[in-house]
*Asks:* 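After the structure tokens below, expect a handful of questions from me.
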2 protein chains.
Amino acid sequence: MKSKKVARVRIEDVAAQAGVAISSVSRVLSGHKSVSETMKIRVEKAVNNLGYRPDHLAQSLRRGTTHTIGFMIRDIMNPFFSTIAQSCEAELRKSHYSMILINSSGTEDTEKLNFAILKSRRVDGVIASLVSETSDSVKEDLELFGAPTVLLDRKLPGVTSSAVLSDHALGVKKAVAHLLSQGHTRIAFISGPKDMYVTKNRLEGFRSAYKDADEKIYPELIRLKDFTEKYAKEETLKLFKLPKPPTAILTGGIGASGGTLHALKEIGKVPEKDVTIVALDEWPLFDLLNPPISSVYRNPELIGRYAAELILELIRGEAPRTILIPTTFHNVAETKARTNSNKGKKSY
Amino acid sequence: MKSKKVARVRIEDVAAQAGVAISSVSRVLSGHKSVSETMKIRVEKAVNNLGYRPDHLAQSLRRGTTHTIGFMIRDIMNPFFSTIAQSCEAELRKSHYSMILINSSGTEDTEKLNFAILKSRRVDGVIASLVSETSDSVKEDLELFGAPTVLLDRKLPGVTSSAVLSDHALGVKKAVAHLLSQGHTRIAFISGPKDMYVTKNRLEGFRSAYKDADEKIYPELIRLKDFTEKYAKEETLKLFKLPKPPTAILTGGIGASGGTLHALKEIGKVPEKDVTIVALDEWPLFDLLNPPISSVYRNPELIGRYAAELILELIRGEAPRTILIPTTFHNVAETKARTNSNKGKKSY
DNA sequence: TTGTAAGCGTTATCAG
DNA sequence: CTGATAACGCTTACAA
């Protein structure tokens with residue numbers, strides 16, 4: 001069952017109907033200055049009459065620009081990332097850009113392939129949440145891409161991309177300072193690889209709080225290797241087999257907090273009662289957990305919006321720059337108050 | 001700071017390097033049968049040499065097909081939908097299709113606009129999770145789109161689209177039957193508009209279970225108007241102001257369960273203890289809620305995969321068809337057993 | 001101000 | 001089997 005071949009209306013048809021040259025139609029539609037008022041109305045009439053919409057493909061080929069942004073992401077099932085994607089698309093469409101969503105499944109090989117795909121599709125820019133910060137191969141892909149790039153939460157020295165970074169240190173420091181002030185000194189920290197910006201930055205906040213409090217960190221409580229739920233769960237279990245388990249745990253980013261919470265459930269430890277938890281990044285329905293847990297929060301909608309802004313800037317030829325998003329410590333006690341008020345409008 | 005203009009390699013360059021005609025290069029690359037072995041290796045050598053990749057844009061314009069699918073969705077921030085999007089993209093890329101993600105913010109006007117955008121971008125097909133099932137305007141958009149369409153969880157009579165539907169009735173019936181067997185008769189049902197397939201189908205399961213148990217439904221406990229969290233919250237609050245509040249609540253789909261749970265929290269009712277809750281569709285970390293709650297589950301990854309399959313079928317010229325996805329009742333008691341076993345691999 | 005015509009980078013038809 | 005060449009639908013010098 002072939003789909004009906006609805007004959008497309010071409011610019012030629014409009015020109016014929018309006019009785020003018022093709023180029024005149026083009027000029028009217030692209031808002032060229034040198035067009036008479038009569039020409040304008042004649043063409044516009046024909047356009048409306050026929051319901052003409054320019055073929056984006058032909059325009060792109062001719063203009064050399066596609067009005068399309070590639071959005072490359074590791075894990076869109078993650079609400080945090082998908083919110084970024086959503087707000088980014090919303091922002092891009094205001095400027096009549098479309099977004100090609102392309103998943104990297106969190107592997108470098110796929111990322112490499114994705115760059116090739118997006119290149120052959122001639123996207124005007126790429127916004128990417130990459131796996132690695134250290135791979136030279138990725139750096140090369142970025143450098144040779146030929147179109148502007150915006151990085152999410154990654155710092156690649158020597159690469160001329162714009163970036164949206166989060167000031168993780170800020171929120172983490174506050175969180176840890178709070179924990180220390182409550183008498184916690186054995187604070188565990190479970191998160192991703194320590195050679196990444198995110199982790200280094202978080203660790204900075206962690207250390208800084210300890211330093212200010214004039215306390216010393218327990219290195220055996222620091223577990224920085226992987227962002228997965230699996231890793232966080234395993235490490236949490238291990239931590240509780242130590243002679244002296246932690247009295248508080250900083251757990252994250254995004255996949256990890258679930259891992260820690262599942263581990264606690266498994267061994268019957270109750271958050272807040274048996275051990276204080278601070279999750280890095282929030283999840284939907286977090287406020288329904290009982291007992292609720294504290295978190296270090298950053299606004300994904302903001303990140304998406306800024307990413308869109310940055311890529312559009314670069315496309316306009318402006319210089320690359322980095323935007324730093326603040327993070328805030330959502331303390332349980334205060335959160336309780338917030339919860340009952342105005343979560344109503346959020347879709348989760 | 002202009003981005004470096006990396007001169008693209010064109011088919012012309014390859015032809016020159018190989019010392020053959022442009023058309024020969026094209027033939028080799030598109031696997032045309034009438035090419036000599038010598039020609040093939042000569043061209044391939046030049047291709048590798050120059051790192052040539054065909055311009056997708058030019059190909060599309062010439063071939064009249066873009067290898068691109070439009071994915072139109074109401075709310076990608078919702079983990080349920082974003083998982084569908086993810087698995088759909090993963091499936092599409094296996095067949096070398098890309099996906100344009102386009103948000104409809106849940107309004108018909110935006111949907112209309114989106115159809116126009118996707119049309120001018122000449123996508124080879126559209127997968128859409130639409131707001132309305134009743135609007136003639138949308139039907140028209142679908143009919144006139146000119147490319148195949150796949151609908152998610154919507155039944156538009158008279159429209160020649162394929163569809164992925166969920167067998168909501170199945171899971172709901174089991175859930176309600178279970179509740180009735182436990183002695184609940186005052187079961188509330190909060191969900192979206194009752195003229196939609198989803199709701200009608202769920203209601204069918206609801207009624208069927210009541211009928212089988214030879215019990216009668218309390219119409220004042222049925223609240224079917226809106227999928228939002230806000231609506232579910234408000235209706236939940238109202239239900240508990242009734243002279244005889246419900247002893248169990250079916251709440252969903254996706255946004256709604258949060259609304260009900262928030263409402264309960266607000267008035268200090270504890271799920272499972274004061275009122276039994278069955279959520280329609282699951283959320284990440286649902287199993288961490290305390291007490292945990294039952295749900296009617298459907299697999300979003302499956303839905304995404306099938307959607308991709310269906311659109312590719314249509315593109316190949318096969319006849320439209322509808323796939324029905326089962327839903328299952330996840331009972332708390334059984335869920336408890338499941339929880340501790342193997343949730344480890346999920347990314348939430 | 002408007003029209004003519006040359007591309008944009010491919011594919012496909014048609015000779016040779 | 002291979003090579004010219006005309007499209008695909010539009011934009012943009014360049015002429016008029």
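Labels below follow one simple rule: chain letters A, B, ... track the order of the sequence lines, proteins then strands, and each chain is numbered from 1.
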*Asks:* Nearest whole angstrom, please: distance from the P of C/dT1 to the CD1 of A/I22.
*Replies:*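 After rounding, the gap between these two atoms is 21 Å.
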*Asks:* Answer with base, sugar-phosphate or nothing: what part of the nucleic acid does A/S24 contact at a heavy-atom distance below 4.0 Å?
*Replies:*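 The residue A/S24 makes sugar-phosphate contact but no base contact.
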*Asks:* Rounded off to whole Å, could you give me the CE-to-C1' distance for the A/M39 and C/dG3 pair?
*Replies:*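 Rounded to whole Å, this separation is 9 Å.
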*Asks:* In terms of relative ring orientation, are B/H56 and B/H67 parallel, tilted or perpendicular, with 30° and 60° separating the classes?
*Replies:*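 Rings of B/H56 and B/H67: perpendicular, as their planes differ by over 60°.
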*Asks:* Categorize B/L57 for me: base, sugar-phosphate, or nothing, with a 4.0 angstrom heavy-atom threshold over every strand shown.
*Replies:*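 If one applies the 4.0 Å heavy-atom cut-off, B/L57 turns out to touch nothing in the nucleic acid.
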*Asks:* Between atom NE2 in B/H32 and atom C1' in C/dA12, what is the gap in whole Å?
*Replies:*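 The answer, rounded to whole Å, is 8 Å.
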*Asks:* To the nearest Å, how far apart are B/R10 CZ and C/dT11 C1'?
*Replies:*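 Going from B/R10 (CZ) to C/dT11 (C1'), I get 17 Å.
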*Asks:* How long is the line joining CD of A/E37 and C1' of C/dT2, in whole Å?
*Replies:*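 So the two atoms are 16 Å apart, to the nearest Å.
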*Asks:* For A/S34, report the nucleic acid contact type (base, sugar-phosphate, nothing); a contact means any heavy atom under 4.0 Å.
*Replies:*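 Base, at least one base heavy atom under 4.0 Å.
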*Asks:* So, A/T38 versus A/S36: side-chain donor-acceptor pair below 3.5 Å or not?
*Replies:*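 A pair is found: one side chain offers a donor N or O, the other an acceptor, under 3.5 Å apart.
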*Asks:* Do A/R62 side-chain and C/dG7 base share a donor-acceptor contact under 3.5 Å?
*Replies:*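 Pair found.
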*Asks:* For A/F115 and A/F145, which heavy atoms make the closest approach, and how far apart are they?
*Replies:*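 Residues A/F115 and A/F145, closest heavy atoms: O-CE1, 3.3 Å.
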*Asks:* Take the protein atom CD of A/Q59 and the nucleotide atom C1' of C/dG9, then report the distance between them rounded to whole Å.
*Replies:*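 Distance check: A/Q59 CD to C/dG9 C1' gives 17 Å.
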*Asks:* Respond yes when some side-chain nitrogen or oxygen of A/S36 is under 4.0 Å from OP1 or OP2 of C/dT2, and no when none is.
*Replies:*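 For A/S36, the contact criterion (side-chain N or O under 4.0 Å from OP1 or OP2 of C/dT2) is met.
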*Asks:* Could you say whether B/A58 or B/R27 is positioned toward the 5' end of DNA chain D, judged by the nucleotide with the nearest heavy atom to each?
*Replies:*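 Checking each residue's closest nucleotide, the 5'-ward one belongs to B/R27.
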*Asks:* Check this for me: does any side-chain nitrogen of one of B/R74 and B/E111 sit under 4.0 Å from a carboxylate oxygen of the other?
*Replies:*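 Salt bridge between B/R74 and B/E111, a charged N being under 4.0 Å from a carboxylate O: no.
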*Asks:* Where does the chain B footprint on DNA chain D start and end, counting 5' to 3' with a 4.0 Å heavy-atom cut-off?
*Replies:*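 Answer, 5' to 3': D/dC1 to D/dG9.
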*Asks:* Determine whether the side chains of B/S34 and B/R27 contain a donor N or O and an acceptor N or O closer than 3.5 Å.
*Replies:*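 Side-chain D/A pair, B/S34 to B/R27: absent.
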*Asks:* Whole angstrom is fine here: how far is it from NE2 in B/H67 over to P in C/dT11?
*Replies:*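 It works out to 12 Å between those atoms.
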*Asks:* Determine whether the side chains of A/R93 and B/N114 contain a donor N or O and an acceptor N or O closer than 3.5 Å.
*Replies:*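 B/N114 and A/R93 do have a side-chain donor-acceptor pair below 3.5 Å.
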*Asks:* Between B/S120 and B/I117, is there a donor-acceptor pair closer than 3.5 Å when you use the side chain of the first and the backbone of the second?
*Replies:*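 Judged by distance alone, yes, a pair lies under 3.5 Å.
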